[in-house]
Each structure stands twice: as structure tokens, then as C-alpha cells.
Colleague: 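Can you read through this structure? Questions will come right after.
Computed from heavy atoms alone, side chains included, the values below leave out hydrogens, waters and symmetry copies. Chain letters run A, B, ... following the sequence lines, proteins first and then strands; every chain starts at 1.
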Amino acid sequence: MLLIYCPYCEEERNELEFRNGGDAHIARPTNIADITDEEFEEYFFIRQNPKGLIYERWRHVHGCGKFFNAARDTVSDRFYLSYKAGEPKPDPATFLNNGNESALNKDKGASK
Amino acid sequence: MSGANRISGWGRLTPAKTARFTFDGKSYTALEGDTVASALLANGVHLLGRSFKYHRPRGILTAGPEEPNALLDVSRDAARRQPNVRATVQEVFDGMVTSSQNRWPSLALDIGAVNDLMSPFFAAGFYYKTFMWPKKAWEKVYEPFIRKAAGLGEAPKEEDPDHYAGRYAHTDVLVVGAGVAGLSAALAAAKSGAKVMLVDEQPEVGGALHYDTGVKINGKDGFTWAQETAAELKAMDNVTVLSRTTAFGYYNHNMIALCERVTDHKAKPGKNEPRERLWQVRAKRVILATGQIERHMVFENNDRPGVMLASAGRTFLNHFGVAVGQKVGIYTAHDSAYEAAFDLKRAGISVPAIVDSREKPGEAVLAQARAMGIEVLTGHAVLTVGGKLRVNSMTVGRHAGSATRKIAIDALLVSAGWTPSVHLFSQSRGKLRWDAETQRFLPGTYAQDSLSVGACNGTDDLQATIEEALAAGELMAKAAGAEGNGKIEITGEAPFSWTGGMIGAAEGAGPDTTVKAFIDFQHDVCAKDIRLAVREGMQSIEHIKRFTTNGMASDQGKLSNMHGLAIAAEMLGKDIPQVGLTTFRQPYTPVTFGTIINHSRGDLFDPARKTPIHPWAVAKGAEFEDVGNWKRAWYYAKPGEDMHAAVARECKTVRDVAGIFDASTLGKIEVVGPDAAKFLNLMYTNAWDTLKPGKCRYGIMTREDGFIYDDGVVGRMAEDRFHVTTTTGGAPRVLQHMEDYLQTEFPDLKVWLTSTTEQWAVIAVQGPKAREIIAPLVEGIDISNEAFPHMSVAEGKICGVPTRLFRMSFTGELGFEINVPADYGQAVWEAVWARAEPMGACPYGTETMHVLRAEKGYIIVGQDTDGTVTPDDASLNWAVSKKKPDFVGIRGLKRPDLVAPGRKQLVGLLTKDPNGVLEEGAQVVADPNEPKPMTMLGHVTSSYWSSNCGRSIAMALIADGKNRNGKTLYVPMADRTIAVEVVTDMVFFDKEGGRLNV
Ligand SMILES: [Zn+2]
């Protein structure tokens, strides 16, 4: 079971309190009524399903109720960090620690 | 006397403390602390069961949780009975009843053993190949047969009277395994000041020290040191030590699941004690000290009772004081088994020979064996053993030689070396690495904050193990935030350092042989079965595993995996890591359902949601149906009425007089704020800015892809306040959907959403007499048709309590929905009923509600729609605003497929025979004579007998349905084909809708 850091509640809570909301940073086009079929397909259907780093949405549904974003590794399920909805997509260079993934020097504090 | 094979002065059990138990009806005496296995062996019982496939006689192979053979049925009383209990784990308690499994009529004479003779027909892959055809035979022949044959043991039929508990725990460092490594690591972590949990599956700590009596730690006997260390740990405030506790699952983010067996070893469990306790532990750091498991030798008839692991023989002797035989042979490829011979010899047991498959055993053990006068046959193999129900001889030959020698024995201890227990590491998604030199998989890349120490990490030397564990304990404690000084020193001495080991088939069971040399005892998989799988084309170990079922029994191949892998690799001519290792899955050992569900049973299995009016409905004898978690009154049968009669009467009564209906389960969301109308404009297809306060409107919500997501009536209470209703099941997801858009797409809108589903009780009063029923109860609202027409809403009072009164209808009749605060729900309902009953009205349930709305062609989202239906498909295009610049779904609705002709559309169906009622879900076709597979046009979504229409009515999603008005279609059923007429107008009753507006 995952431990997820809610940037609004400012603490790690159990996965049971959250609901995943799919990929983050996919903004609904402001002129959605006028976009082409291809643009709609891109916006609504196409997802990368990456092996590795993903930016995704979570809702602290049984907590503060807020949506927020998180960067997670889809292989290890490690969360790098969580941040509030509306904040810019963080640069991976700022949180990926040079591939040094030894069990001992992993710093959970990265998410705080 | 606790058994003829109990050696006085040996072992750690107290002779004075005895317990009586039975095995297959015969009574035996055990010592307190015995396992069923040790107690039976003490009494000379080696035959414990029959094997799964061939019904071969089986005995005890191990002394621990890895046991694949000795599975018994163990009971305390009729209801407290459990099959497939490992005799090597289950402790004896006074009064315990055990019996063997998988045999008939008796253990010694078993009819099923004919399978052993017929084994050519039961080769690997047998099930796959044999039971393919004909299809029909599956139901009648194959499946019942397989089920009967496959069930090892028999499940109890009574409800489990025990209770199970669950606990959550947080700790800095969790140490799994309390052998030398685990104890050392826990001590170092604890002295560093970390919060420590130490868990071990056995009743006492010590791990391998149970049998390895030569080991001295800090100058003391190893086992004594272990108990003293555990006592020291238990005395510390920051340490929890749990015994009889198996860490069975390693999940994400250092979540470890433990099963603590609380009462299974007690003769008289306390009344309030749970049988088992599930612990869900979140650890900052985990130290795995899970040790290693000895492998058996793979040779002909290696499954005969009396053949067991060398370490098991040592455990029975050194811990339980039980001799597994009087003439015990040893067959090994590893030095460790020599120590078994030494222990036996010292206890006065005869050891006819140590047969070592290696030419060069370790020099120290060889010298010791010679010094003790034990014959050692190096470069030899045990080709087979004699004896059926108990081994009585071993046939020994020199490698590649032809001369054999038969040696009389009554037990044979075997060892092919040791397999590190990397199960939990693998479960944590760590990557294993193959150590070619020692021929074993070891922890490689860690995926979580854990460390492996000692034998499970491939560390063989005792002192090295201790130092590795101490360092890990200190390191992990510091990493978890502890700041104390955890430096300690522990010194260990072992009499011998061990070498050796082999994997795969031994001499005499090689590729050119067809002997039954077992690798997986529980599933009866032999070396030759692995070879057959490879010959039949299986290349991957995952395929070989499934084809042969190797490692798929409840022991998950703890003994067999490596042997199977080595044999497959040899056949494939590949290196072992190229063939791969199957992934280890939770649970490490079988876990009872009771532990997993613990409190979640009976009333606590799934919470039931009940409306304020529920008790009234119960008192009136309503039948209930589950809608999500809600209990909804389904119909109110009068004495002598069945469901059909009750529903027909309710339907008629509502239209003739009136009915009252508990609609409290409807989802309700209060949408408030200056931008509330603007927000609802975006969330629904309809326009809400045009809705005046005091009015309500039916709304449709689509997803971005244009498909119907939910529907419901929305009332505007004020300029900035809407009372939104959703479907009963849809409330949480609709709120989530709204919150999603509000928070992430339209965060600038000033709107607040509040779930009010459970705050309002809703009483629907429907029918010609509805106004007359409620009129005297309502204060402050003029409910005349002129002042309060259909689709109005107003706030006022009813029965003196505040209400939001809606004039609306889901029946097509004059109707009101009375919303009152939930606490007043039952009182207001009773007041309404007191008015309604004398007028001849009735309470009605969800079934009547469904029929009445279908008579009017009103859809139910989720029943008449399935997530691929657009408003147009459901003939609800009138509810889609053509003027709004944006709403969720506006673009999706324009997608080519959604505007293409021929889509499945919702239409009415009238059976040609008005008395025939279609089955919901039935498929609809145009040509009933078309050969199969027929072209299916769609399916029936709703279908009822309508007493008001005097005939059956139905709705269906039909391809190009709107262009099929008046056409005849067919509904093929198993026994007949039903002709139906398509009607695009789904209003079956009161087409003009006059009854709504009176
Ligand atoms: Zn939160």
C-alpha cells in the first residue's frame, strides 16, 4: 500500500485516503468546442503510460478533498514529490538523484 | 511416555509436561512444545498422508514452514477444523484431533494409489492435453472430476466461530526473522534508540540455532544466547518481539503484512483472544533476516516416508529430543548434513553410512566423520530407496559404476545444500542476482528501504553474519532517525564451516531415466516432468511451471523451484539465469481467510446504508434490494401476495389513487456561490442561467467524450444556490467529477460543493390524490396547480419542520417530493402515510418505481445507458443546449462516430404477444433464421409487465433503432424466439402527459 504525501495536509497518508486521477498537466483546451478531431483525440484519449517517471493527479478524497499532482516512478512506485494543482511541472533534474538508488541513501524527505 | 523414539536427556522439551492428541483416531502423548510432526515421529509414525496426484504414501520432509508433504486436518471441535495444516508448524495442544488427508478408505490402504500405477496417463500437461474436447464434457465430466481430485483436504462446512483481529503498527526498523542475524540486527537497532519490531514465525526465537547445537555465541550455547537476547529485547521499551508471527507479504512503501497466530497452540484459548491477528506494519526501514531453506536430493523414490532433510533430522533430535530412526543413512552434497550424522551418533543412533555425491567433501567434516567411525562413501549416489510406507533400505552405487550395495536403514537424511530465502526481498520488487560461484540467487538491486543480512543474503560464515547484521541494525536505525550509539560486539563460533551443494537431479535420475525422482512433493512433479515440458517446447520457466505445476502448490516451491530450474536449464542447454526464476508472490506461507478479512465479516463485511424511513419499511414487511450500499424497499407484499402481484397492485394504486415512495437515497449536492449557474452550465448539457429561482429542471451530465454520465432534477433555490440531485449510485462520482472540474479546470469560479445526500430525507408522493394528501401538512407554500405547477420548488414547512418541496414526477402522475432534514424523515413520512392510507393510497418500492417510469419512457442511467450512449441515442437531445459556448462533452458529442448514422439507439419494444415479458439483457436480431453467429442489433435494457397498460413493455438499445419504427425484430431465447415490434415513442402510458399537470 502506497504512502502518499498530500501537499495541502502537509503529511504522508495511506493510499486508502486517495484516488488516482490519471495524467497531470493535461489542460482542457479553452476553445474545446472548436478543436479538430485530432486535437480532441490528443487531449482526451492519448496517454503515454510511461515506464518510469510519470506526473499524475491524485485527490485526497477521504481527507482534505483537494486534487494535487505527484511525480512517481511507475516501476518502483517511488514518489519523488507532490505539489499543488496549478503549480508548474517540476524539472526532473531537481528531484531525480543521479540514479543512485541504493536502499540506504534514499531520502524520503525529498517529498517534503 | 511421550514416544519410544524420545531420547532421554536430549532436546529442550520438559518431559513432565505432556499433552494428548489423536491422529487418525489413535491417541498419542506429546510433550508441551512438540509440533504434531515431532510428536508423531516420537511415536514412530512416519506415514502422514497421501500425495496429491499419485496418492503415494508420504511422511515428514522438513521441520518447518516449508513442509510440502505432511499436511493434516487439524481440529479443536466440529467447527474449528482446518485442512492442510503443516504438521511441522502446528504445535500440539491437549485434546487436539488430527487426521490424514487424501486417502480412502485408510491411510495404509488407499484406493487412489492406483493413480501411481497409472502414472503414464498423468504425465505433465495431462490436464491441458486431455480435457480439451468436447466442450460439453467440461461441465459434466472433467470439471467435477478435477475438482474432486484437486482438492487437497476438505474445507469445514460450519461457519468459523473464531474471531480474528487486525492491527496497524508503525515502526522505525522491522526485523524479519529472529535467528542469529535477526537478533543481532534488532539488538543493534534497539540500542541505537530506534523503535524496533522483531518478528519470527516459530514459537521461540533462534532460527537455525534450534538444530545447530555446535554454535557458541559470546561463549554460550547459541540457543540459550538467543533466548537471553530476546528477553533483553523484550525488556526494552522501544522493542516489540512477536513470535509465531509470519511476515507473509512485503508490499509497497515498506508495508509488511504479518500473521500472528495467537491461540492455535493453546488447549484452552481465552474467550476474548482472537485466533489470529493481522498486523499491517509500516516500517521506515526493513531488515530481512529470513535465513535459508535446505534442499532435498532428487533421486528415485525420494518421497518415501522416512526420507527427510538433514536439518529437519537435527531439529527433531536436538530440539525435540526425537530420533527419526534407529539406523539413519545420510545422502548429501553438502557438508552440513555431516553434522546431522555427528549429532545422531552422539545420541547413540546408528549411522550406517554418509553417502556423498561429491568426490571431495569438506576436509574438516570428513575427518570428524572418520574419527567418529562413520563410513563415508564419497562420489556415490543413493540410486533408490526400498520400503513403501517407510523407507527400509538405500541402494548405493559409485558414480558411473555398475556395482550397487543395499544398506538397511529406517530413515534417510538428505541435503543438496541451501537456498537463501529471498521471498520477501523478491516480493518487495528487489531484483535478484545469480551468484555463479555458489549457485544461488541472492538479493541484487533493492527497490525499497530494506537490507538483507545473514544466510538470506548469502553470508555463510557465522561471525560475518553477526557483523553484517550488527552493522545493518545500526545503519537502518540511524537512517530511520535514531541517534543513539548502537555499537555492540558479539562473537560467534561454529565448529565447522560448510561447503558444497548441488541443484537438479542426482545420479540415477538424469536425462536418460524415467524414474520417479520428485522435485515438487506437494504437486507430485518429478524431474522427468520438467524434461517432458522442455521436450514439448516450453522454454520459459514461467511456462514450464504452469505446464508441470511445479512450485504451484501451497508451499510455492520452497524446496522445488531451484531443482526445477536447474533441470530445465540443463535440458535447454542454457545457464540458470537465462532460464529465469519465477517471481515470488505473497503470501510467503498460506494465510487463513479469517486473518485476511479479520473484522470484515457478517454485518461488518460491507456497510449497509439505511434511510431514515428504513425502520418503517421493515415494520411494514417490505422486501429490500441492494442498490450500491443502500438498502432500498423493493416492494410491500400484502399477505398472500407474491412479488408480481404486489408490484401490479402498487402500480395500479399509484395511478388510481396515490403512492408514497422513499426517495432518500437519491444523491444530493448543494451547489452554492455567485458562479453556481455558470458552473452548472459547464457541468450539464442543459442551460441553467435561464432557470428561475423556484423552478427545477431535468439535467443530463455527459463526460468529455459525449456519453451520458448521470442525470437528475436540479432545483434553483436562489440566484446563487442549486439543489442538485443525482442517481442513487452516482452521487460520489458525480461530486468527484464536479470537484475535479471546479478545482483543476475552472478554479476561478466562485462555487462551493457540498454533499447533502444523507442530510435530506425524501418522500415522493405521487398520484392523482397527491395534493390532497399533503395539502393540510404544508405551511407557507401555495401548492395549487396554478401557483406551484409541475417542475416547481419552494421552501416552507411541512408538519412544522422545514422542507424543500419539489413538484416533480418520476411516475408521470401529479407528484411532489418532500425533502426534510433526515432526522424528521420518519415522522413526516408517518404523517403523510396517516393521510394517505385512509384514501386508499399505498407505499411502493423500487420495483414499482421502475415500472411506472418505464411506462412513461423515463430512462435510468446505468440501466438503459451503459457509458456508450449519447443524449441523442436516448432521444434526450432536447436537453442539450445548442446555445452554450461550452460544457463538458460539447466537443465529444461532435466526434464522427457519435454523429454517424446507425448508432445503437434507445427505443421501445412491444412483444407481439402482449402477455410475454422479455428478459432484460436479451439480445435482439433482425433475422431469427440467420446461421450462428447471428448479427446482434442490440439488447433489451428494461422490461416489465405493466398492469396499467395491460401488457408487457420494454426498452432496448437497437442499432439504427430510430429508423426501425414499426419493424418486427426478434429476441431469440434458449427455448423459443420472441417477435417484437419497435416503437420509437417510448411513452407507453398517458402519451399527452396530461396527468402531470393537474
Ligand atoms: Zn490532504
Colleague: For B:K678, is the NZ atom crowded, meaning more than 12 foreign heavy atoms sit under 6.0 Å from it?
Modeller: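 Incorrect, the count does not exceed 12.
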
Colleague: Say you draw a straight line from CE of B:M255 to CG of A:L2; how long is it, rounded to the nearest 0.5 Å?
Modeller: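 Here the rounded value is 9.5 Å.
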
Colleague: If you measure from CZ on A:F40 to CG on B:D705, what distance do you get to the nearest 0.5 Å?
Modeller: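 With rounding to 0.5 Å, CZ (A:F40) is 6.5 Å from CG (B:D705).
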
Colleague: Looking at chain B, which one of A:N14, A:D73, A:V61, A:I35 has the largest number of heavy-atom pairs inside 4.5 Å, strictly under?
Modeller: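 The residue among A:N14, A:D73, A:V61, A:I35 with the greatest pair count is A:I35.
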
Colleague: Let me confirm one number: the CG-CG distance from A:D37 to B:D897, rounded to the nearest 0.5 Å.
Modeller: 9.5 Å

Colleague: Examine whether an atom of A:I4 lies under 4.5 Å from a heavy atom of chain B, and if so say whether it belongs to the side chain, the backbone or both; otherwise answer neither.
Modeller: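 Contact with chain B: none, neither part.
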
Colleague: Given a strict heavy-atom distance threshold of 4.5 Å, which part of B:Y250 is in contact with chain A: side chain, backbone, both, or neither?
Modeller: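 Contact with chain A is absent: no heavy atom of B:Y250 under 4.5 Å.
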
Colleague: Is it true that atom CG of A:N49 has more than 12 heavy atoms of other residues, nucleotides or ligands lying nearer than 6.0 Å?
Modeller: no

Colleague: Is it the case that the side chain of B:R282 and the backbone of A:M1 share a donor-acceptor pair, with hydrogens and angles ignored and the cut-off at 3.5 Å?
Modeller: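 Yes, because the side chain of B:R282 sits within donor-acceptor range (under 3.5 Å) of the backbone of A:M1.
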
Colleague: Heavy-atom distance under 4.5 Å between the side chains of A:F67 and B:Q736, does that happen here?
Modeller: yes

Colleague: Could you tell me whether a side-chain N or O of A:K66 sits under 3.5 Å from a main-chain N or O of B:Q743, the two making a donor and an acceptor?
Modeller: no

Colleague: With the threshold set at 4.0 Å, does a side-chain nitrogen-carboxylate oxygen contact exist between A:R57 and B:D740?
Modeller: yes

Colleague: Salt bridge between B:R891 and A:D34, side-chain N to carboxylate O under 4.0 Å?
Modeller: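 No, B:R891 and A:D34 are not salt-bridged.
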
Colleague: What part of B:P747 gets closer than 4.5 Å to chain A, counting heavy atoms only: side chain, backbone, both or neither?
Modeller: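 For B:P747, no heavy atom lies under 4.5 Å from chain A.
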
Colleague: Does A:E87, at its CD atom, have more than 12 non-hydrogen atoms belonging to other residues, nucleotides or ligands within less than 6.0 Å?
Modeller: yes

Colleague: CZ of B:F605: more than 12 outside heavy atoms within 6.0 angstrom?
Modeller: no

Colleague: Between A:R28 and B:E704, is there a side-chain N and carboxylate O pair less than 4.0 Å apart?
Modeller: yes

Colleague: To the nearest 0.5 Å, what is the distance between CD1 on A:I32 and CD1 on B:I890?
Modeller: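 The CD1 atom of A:I32 sits 9.0 Å away from the CD1 atom of B:I890.
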
Colleague: State whether the number of non-hydrogen atoms from other residues, nucleotides or ligands found under 6.0 Å of B:K882 atom NZ is greater than 12.
Modeller: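 Count over threshold, so yes.
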
Colleague: Ignoring hydrogens and angles, tell me if any N or O in the side chain of B:R429 forms a donor-acceptor pair with the backbone of A:V75 under 3.5 Å.
Modeller: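 Yes; judged by distance alone, with no hydrogens or angles, the pair exists.
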
Colleague: Would you say the side-chain atoms of B:Q448 pair up with the backbone N or O of A:S76, donor to acceptor, closer than 3.5 Å?
Modeller: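 No; zero donor-acceptor contacts below 3.5 Å.
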
Colleague: For B:P885 and A:A33, which heavy atoms make the closest approach, and how far apart are they?
Modeller: O-CB, 3.8 Å

Colleague: By a 4.5 Å heavy-atom criterion (distance strictly below it), what part of B:Y741 contacts chain A: side chain, backbone, both, or neither?
Modeller: side chain

